[in-house]
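Just so you know, these numbers come straight off a predicted model, no measurement behind them.
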Amino acid sequence: MWKWLIKLASPQRFYEFSGKLIPWFNWSFLILCVAGLYYGLIVAPMDYQQGDSYRIMFVHVPAAWMSMFIYIVMAIAGGVGLIWRTKLSEIIAASSAPIGASFAFLALVTGSLWGKPMWGTWWIWDGRLTSELILFFLYIGVIALNNAIEDPRNAARASAVLALVGVVNIPIIHYSVEWWNTLHQGTTVMKMSGPSIHIDMLIPLLLMAVAFKLYYAAVLMMSARTELLERERNSSWVQEVISTARS
Amino acid sequence: MHEALHAFWVLLKRDMTLAYRHRGELANPLLFFVIVVSLFPLGVGPDSKTLQVIGPGIIWVAALLAAMLSLDSLFRSDYDDGALEQLSLSPYPLSLMVLAKVFAHWLVTGLPLILIAPILGVVMFLPAESTWTLIFTLALGTPVLSLVGSIGVALTVGLQRGGVLLSLLVLPLYIPVLIFAANAVNNAAIGMDVSGQLFFLGALLVLALTLTPLATASALRISLN
């Protein structure tokens, strides 16, 4: 098992193997996403309080979940890279950061689009919104640090330390922000637990969540492959890949 | 263990001496702190009620920015002249040496903020009851700022232009301290109990004391690479 995993983690094997997997991820993402959107936008019943505008949650909630999930993946990959100095995990951490930041951004934008008809304002300093915003800032920090350091390996190790510090901090930030908000004002926020009870709303939500995970896997692999080619451009296997692609 | 403690004291003394020799620079973060706070009445108007409401937040945000701006001097000169590299080669744990440097840095940049804050509290019309809370929160909070900030400096010390990047890395991590501290001062002003917030700040300080030197040390090793 271990040997098999270590073999897989070698850049060349990963390149071949991920090239075969990407179409599978892409197609299953597409199917699940279409199914989830159809179920969510057409089949799922209208909410008695929020009308049709609640349907944005089928994008909003999975995007918010992904933004947290990817940060943890990034920190774990970064930690593995720090300990075992494996190139692949460094690349996975570096490639994950922009994707996670995009999901955090998507969650913020969809949340604000939802907030306009619901709360009558684009933005509210609600605990959850604010901690999502801070998560977005943390991603930006990791990306900026990654870009600022010239040597890719040093950059990967430095941003791994930052990501790990962020992981320790995220729960502290999250709870302090929630605590800050509840002291200032009562919860005027409509909780997501309301609509998610109904099974017809839960199914599309879960479909979309799985679809987003598959999308992440596909995009991560694509960007990791590009990064890999760039970093290993002087090695013989990359030369081989390029020459076969040309011919 | 005894030797390591001795090294800690020697390094602390060295950094304090260095700071004393450059005492002209010591006032800079302090002046920044005072100027930023005094800009706000000019911006929002001299109404004492408004200032009283926003005062604790402003004093704390200004303290946060002052602490962040002073961070650059923490490792900069030692990195440039190679002293940091020698420190990392010494037989003593680098995290302990980092702790000594951060402590010395806090003594010259953080402690003065605490001493001047009561005056700023008067300027912002904070009630007298909240002055002690302001001092306590700064005493518990500014070491956390220095410790957490040291990770950011350690990560960016090798870069030519790390200044703006540093703020990007460090400011989000400062948010819990800001929330608890400003809230404590606000509550003290209206006569509410603040022990909960102070306990939280104390917990953050203990957590930062135990964990950040390790992170800073490993970040320094990466920067020295």
Side-chain angles (χ1 to χ4, degrees), chain A residues 71 75 78-79 81-83 85 90 97 101 104 125 127 130-185, chain B residues 53 57 144 147-184 186-187 190 192 194 196-197 200-201 203-204 207-208 210-225:
Chain A
Y71 199 94
L82 272 183
I83 297 167
R85 305 274 169 102
E90 287 174 0
W125 287 101
T130 313
S131 57
E132 186 72 27
L133 182 69
I134 296 164
L135 181 66
F136 179 65
F137 290 157
L138 288 174
Y139 270 120
I140 296 294
V142 172
I143 295 171
L145 186 65
N146 227 330
N147 290 337
I149 302 177
E150 295 269 316
D151 178 52
R153 300 217 67 174
N154 267 347
R157 293 174 62 209
S159 37
V161 170
L162 187 64
L164 285 172
V165 172
V167 157
V168 174
N169 260 286
I170 282 174
I172 301 175
I173 294 174
H174 181 78
Y175 285 107
S176 60
V177 166
E178 275 197 358
W179 189 80
W180 156 77
N181 172 261
T182 48
L183 266 193
H184 272 242
Q185 54 176 81
Chain B
V53 172
V144 182
L147 284 162
V148 172
S150 72
I151 305 172
V153 199
L155 286 171
T156 54
V157 72
L159 302 170
Q160 290 300 318
R161 281 184 294 266
V164 186
L165 181 63
L166 177 67
S167 59
L168 221 61
L169 304 187
V170 163
L171 285 181
L173 302 176
Y174 280 176
I175 289 168
V177 177
L178 175 67
I179 288 176
F180 288 118
N183 192 264
N186 271 325
N187 277 6
I190 52 173
M192 274 168 68
V194 293
Q197 285 91 327
F200 257 109
L201 282 173
L204 287 177
L207 191 69
T210 43
L211 289 184
T212 55
L214 300 172
T216 308
S218 64
L220 273 181
R221 286 193 198 283
I222 293 167
S223 284
L224 288 170
N225 193 346

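Considering all non-hydrogen atoms of both residues, Ala148(A) and Leu159(B) come closest at O-CD2, 3.5 Å. For Ala158(A) against Leu155(B), the heavy-atom pair with the smallest separation is O-CD2, 3.5 Å. The minimum heavy-atom distance between Ile173(A) and Pro176(B), with the atom names listed, is CG1-CG, 3.6 Å. Residues Ala215(B) and Val161(A) share a closest heavy-atom pair of O-CG1, 4.2 Å.
Here the OG1 atom belonging to Thr156(B) is positioned 8.0 Å from the CG atom belonging to Leu145(A), to the nearest 0.5 angstrom. Note that CD1 of Ile151(B) is 8.5 Å distant from CG of Leu162(A), once rounded to the nearest 0.5 Å. Taking CG of Leu204(B) as the start and OG of Ser176(A) as the end, the distance is 8.0 Å to the nearest 0.5 Å.
By number of non-hydrogen pairs under 4.5 angstrom with chain B, the leading residue of Asn154(A), Asn169(A), Ile170(A) is Asn154(A). Between chain A and the residues Leu171(B), Leu207(B), Thr212(B), Leu169(B), the most heavy-atom pairs under 4.5 angstrom are made by Leu169(B).
Both the backbone and the side chain of Leu173(B) come within contact range of chain A, judged by heavy atoms closer than 4.5 Å. When heavy atoms are compared at a cutoff of 4.5 Å, Ser223(B) does not approach chain A at all.
A 6.0 Å sphere centred on CZ of Phe136(A) holds more than 12 heavy atoms belonging to other residues, nucleotides or ligands.
Between Val148(B) and Val165(A), every side-chain heavy-atom pair lies at or beyond the 4.5 Å cut-off.
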| request: Determine, stepwise, if the pair Asn225(B) / Arg153(A) fulfils side-chain contact (heavy atoms from CB on, under 4.5 Å). | output: CA-CA 10 Å; Asn225(B) 193 346; Arg153(A) 300 217 67 174; over 6 Å; no
